[in-house]
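Just so you know, these numbers come straight off a predicted model, no measurement behind them.
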Amino acid sequence: MPAGGPFCPHCGRYLAPLRWVAEPPPSTVPVTPPRYGAPYTGPPRYRFLPSWGFPAQAWEPPEPLPAAPDPLSATRTTLGSLVPLLWAAATVAVLAAGAEVWRYVLLLDSRDEALSARVVAMSDALVSAAGTVAPLLAVLAGIRLVLWTVRASRAAADAAGVRPAHGVRAIVLGWAVPGLNLAVPGSVLAEIEHAALGRPADERPRPSRLLLVWWALWAAGVVFGIVVLLLSLRSGVQARADGVVLHALVDLLAAVTAGYTAVLVVRLTRLLGPARAGRREVLVRVGPAPSGETDVAAEPAVAGS
């Protein structure tokens with residue numbers, strides 16, 4: 001009741017009644033211990049196979065993995081960088097041969113008269129630059145050539161429906177190891193050509209004339225390079241003069257081999273699968289509409305792009 005409390009003389013109103021409740025402090029309240037479950041006894045066991053749960057199948061990634069490129073596409077991709085490297089190596093090798101020839105001409109002139117220091121410095125700089133760039137390009141082209149051979153061998157085997165006769169390790173060692181590189185590269189390329197031409201798998205490969213010429217150039221370059229390396233160990237003025245001539249011949253042979261290799265790999269890649277040019281419609285003429293029609297008719301023609 002509003003009038004049930006004490007009267008305040010200051011405000012002239014009855015105050016609300018107050019009720020005091022005593023409570024014990026929190027420290028005296030007993031704490032209820034948490035309830036722990038039963039100890040773990042292992043996974044559940046069933047008398048029969050449950051009909052619920054996840055299906056029994058292998059795990060699959062949330063997104064499908066990108067499909068690996070087929071060997072033929074990989075071969076074409078490698079060819080795109082291999083051919084420019086081969087032609088660049090051939091060009092620099094020709095420059096290196098020219099630099100060696102110029103040095104030999106200067107050696108002949110030095111027998112009768114003194115040479116200009118500027119001319120000698122230019123000749124030495126050209127020989128040094130070409131002799132440094134040519135091996136680097138040859139190494140880069142060689143790495144791409146080995147990779148192209150591995151991929152082309154797989155593409156040829158897939159096209160013939162057989163397994164590759166040489167594995168990746170055998171191909172790499174066949175290109176790199178002296179002695180083996182006289183026979184293995186030519187035989188692998190002959191197998192690629194054999195399969196690309198669609199010949200029977202049980203028939204002995206018969207290399208084409210282009211491949212035989214390349215094989216002869218490659219073997220001659222390997223043998224001649226080893227011979228020149230051994231002859232360069234000699235000392236003496238005449239040995240140095242002979243070394244200039246031999247290095248020029250090695251550079252010329254390397255240039256011819258690199259250019260011939262570029263032609264050969266392009267031919268073999270085209271035999272494996274010629275690239276199909278895309279086709280598009282080209283508008284060649286807009287003529288009047290046929291009789292009985294009011295719309296303007298266009299005559300498209302299909303042309304290769």
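At least one side-chain heavy atom of Arg206 sits less than 4.5 Å from a side-chain heavy atom of Arg199. For the pair Ile171/Val184, no side-chain contact is recorded, criterion being any heavy-atom separation below 4.5 Å from C-beta on. Taking 4.5 Å as the limit, every side-chain heavy atom of Val94 sits out of range of all side-chain heavy atoms of Asp251.
Between Ala93 and Ala255, the shortest heavy-atom distance links the atoms CB-CB, 3.8 Å. Closest of all the heavy-atom pairs between Pro84 and Leu79 is CD-O, 4.2 Å. Contact detail for Ala99 and Leu126: the closest heavy-atom pair is CB-CG, 3.6 Å. The heavy-atom pair separating Thr132 from Leu136 by the smallest distance is O-CG, 3.3 Å. Residues Thr75 and Ala155 share a closest heavy-atom pair of OG1-CB, 4.1 Å. Contact between Val223 and Leu182 at its shortest, heavy atoms only, is CG2-CD2, 4.2 Å.
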Is there a side chain to side chain contact (heavy atoms under 4.5 Å, CB included) between Val256 and Leu252? Walk through the geometry before answering.
CA-CA 6 Å; Val256 174; Leu252 288 177; 5.6 Å; no
From CA spacing to verdict: side chain to side chain contact (heavy atoms under 4.5 Å, CB included), Glu100, Val245:
CA-CA 7 Å; Glu100 295 290 348; Val245 177; over 6 Å; no
For Trp214 and Leu210, what are the C-alpha separation, side-chain angles and deciding distance, and is it a side chain to side chain contact (heavy atoms under 4.5 Å, CB included)?
CA-CA 6 Å; Trp214 176 88; Leu210 178 67; 6.0 Å; no
Check step by step if side chain to side chain contact (heavy atoms under 4.5 Å, CB included) holds for Arg103 and Asp124.
CA-CA 8 Å; Arg103 170 176 284 186; Asp124 293 341; 3.0 Å; yes
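Follow the hydrophobic side-chain contacts under 4.5 Å out from Val250 and you never reach Val133; the two are in separate clusters. Grouping the Ile, Leu, Val, Met, Phe, Trp and Tyr side chains by contacts below 4.5 angstrom, directly or via other members, places Val150 with Leu72. No continuous path of hydrophobic side-chain contacts links Val101 to Tyr104 [ILVMFWY only; heavy atoms under 4.5 Å]. Leu268 and Val213 fall within the same hydrophobic cluster, defined by Ile, Leu, Val, Met, Phe, Trp and Tyr side-chain heavy atoms under 4.5 Å apart, directly or through other members. A chain of hydrophobic side-chain contacts below 4.5 Å, direct or via other Ile, Leu, Val, Met, Phe, Trp or Tyr residues, connects Val263 to Val188.
Between the side chain of His194 and the main chain of Ala190, no donor-acceptor pair closer than 3.5 Å is present. Checking side-chain atoms of Trp175 against main-chain N and O of Ile143 turns up no donor-acceptor pair under 3.5 Å. At least one donor-acceptor pair under 3.5 Å links the side chain of Asn181 to the backbone N or O of Gly179. Side-chain N or O atoms of Arg151 include none that pairs as donor or acceptor with a backbone N or O of Thr77 at under 3.5 Å. Side chain of Ser123 to backbone of Val119: no donor-acceptor contact under 3.5 angstrom is found.
Once rounded to the nearest 0.5 Å, the distance linking OG1 of Thr78 with CG of Leu147 reads 4.5 Å. Rounded to the nearest 0.5 Å, atoms OG1 (Thr257) and CZ (Phe224) are 11.5 Å apart. To the nearest 0.5 Å, the span separating OG1 on Thr269 from CD1 on Ile192 amounts to 8.5 Å. In this structure, the separation between OG on Ser208 and CG on Leu189 is 10.0 Å, given to the nearest 0.5 Å. Annotation: the span from Asp158 atom CG to Asp70 atom CG amounts to 8.5 Å, rounded to 0.5 Å. Leu272 CG to Arg267 CZ: the interatomic distance, rounded to the nearest 0.5 Å, is 10.5 Å.
Thr261 and Trp218 share no side-chain donor-acceptor pair at under 3.5 Å. Checked by atom type, the side-chain pair Glu191/Ser153 shows no donor-acceptor distance below 3.5 Å.
Residue-environment remark: CZ (Arg144) exceeds the threshold of 12 foreign heavy atoms within 6.0 Å.
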